[in-house]
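Just the heavy atoms: all of them, side chains too, but no hydrogens, waters or symmetry mates, feed the values below.
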Amino acid sequence: MTSPPPPPSAAASTASVLDLAPVVPVVVLDDVSDAVPLARALVAGGLPAIEVTLRTPVALDAIREISGAVPEAVVGAGTVIAPEQVTACAAAGARFLVSPGWTEVLLTAMRASGLPFLPGVSTTSEVVALLERGVREMKFFPAQAAGGTAYLRSLAGPLPQARFCPTGGVGPDNAAEYLALPNVACVGGTWMLPADAVAARDWARIEGLARAARGLRASGGTCR
């Protein structure tokens, strides 16, 4: 199956993926039939970059469905931890890749895919190692457990060339604090996807929460 070409606003690099919206929804799907309406709700709310995690058996099918039916979405694959997953995600139509961490083998596979990729880091040494390899955009994970905003603020001085998408423990009460940092391009989170709303297929509620998240950087407040 040939994946559809990305829309004009889609990312040609990891940096442009990070710049699409202040929040990247981190999606865990158990029912592939929810994939398209959920993606449409997120896009309608102003969050076009959608990370579908490879944590459930339907994840690749969900990416394939969103890629084919919601071309205005920039759908990516998250929790990528093996080279064979890189290949499968690219074949399913993923437009970017996100990993919780990285190794030389995984980094090589992600780079070879030609897709934008966001390797995970949680230490200064990992950041420096990626900068040595020409990678400047990274996922900071698990953000809160790894030091949160204080850690990222400390990195901004000596390593200003690194840009981050913090994920893990980021929610409506602290997202604005992360987004105020000069080295944070966007954050990843799940708060606009409450389990009860997904279970009830309340796409209107999810759209509203996405819209509030979209305006988070501009408002400087919370997004409940």
Heavy-atom side-chain proximity of [X] to [Y] below 4.5 angstrom:
| X | Y | answer |
| --- | --- | --- |
| P22 | R214 | yes |
| M110 | S99 | yes |
| V184 | L152 | yes |
| R205 | P194 | yes |
| V58 | D31 | no |
| L29 | D61 | no |
| C89 | L60 | yes |
| L193 | L209 | no |

Output all residues satisfying side chain to side chain contact (heavy atoms under 4.5 Å, CB included) with R111, sequence neighbours left out; order by chain, then residue number. L107, F117, R133, V135

List for me each residue that meets side chain to side chain contact (heavy atoms under 4.5 Å, CB included) alongside E126, sequence neighbours excluded, and say none if there are none. W102, V121, S122, T123

Partner residues of F96 under the ring pair (Phe, Tyr, Trp, His ring centres under 6.0 Å) criterion, sequence neighbours left out: none

On a heavy-atom basis, which atom in [X] and which in [Y] lie closest, and how many Å separate them?
| X | Y | value |
| --- | --- | --- |
| G188 | C165 | N-SG, 3.6 Å |
| A73 | I50 | CB-CD1, 4.1 Å |
| L47 | P25 | CD1-CG, 3.8 Å |
| V24 | A49 | CG1-O, 3.6 Å |
| L106 | A82 | CD1-N, 3.8 Å |
| S33 | P37 | O-CD, 3.5 Å |

Tell me whether [Y] is reachable from [X] by hopping between hydrophobic residues (I, L, V, M, F, W, Y) whose side-chain heavy atoms are closer than 4.5 Å.
| X | Y | value |
| --- | --- | --- |
| L181 | L131 | yes |
| F141 | L179 | no |
| V26 | V32 | no |
| I206 | V23 | yes |
| V43 | W191 | yes |

Measure the spacing between [atom1] of [X] and [atom2] of [Y] and express it to the nearest 0.5 Å.
| X | Y | atom1 | atom2 | value |
| --- | --- | --- | --- | --- |
| S154 | N183 | OG | CG | 10.0 Å |
| L97 | T79 | CG | OG1 | 11.5 Å |
| R136 | F164 | CZ | CZ | 12.0 Å |
| Q144 | N174 | CD | CG | 5.0 Å |
| D34 | E65 | CG | CD | 11.5 Å |
| E72 | L42 | CD | CG | 11.5 Å |

Assess the residue pair R95 and I66 against the criterion (side-chain contact (heavy atoms from CB on, under 4.5 Å)); give the C-alpha distance rounded to whole Å, side-chain angles, the decisive distance to 0.1 Å, and a yes or no. CA-CA 11 Å; R95 291 176 179 159; I66 295 171; over 6 Å; no

How about Y151 and F140: are their ring centroids closer than 6.0 Å? yes

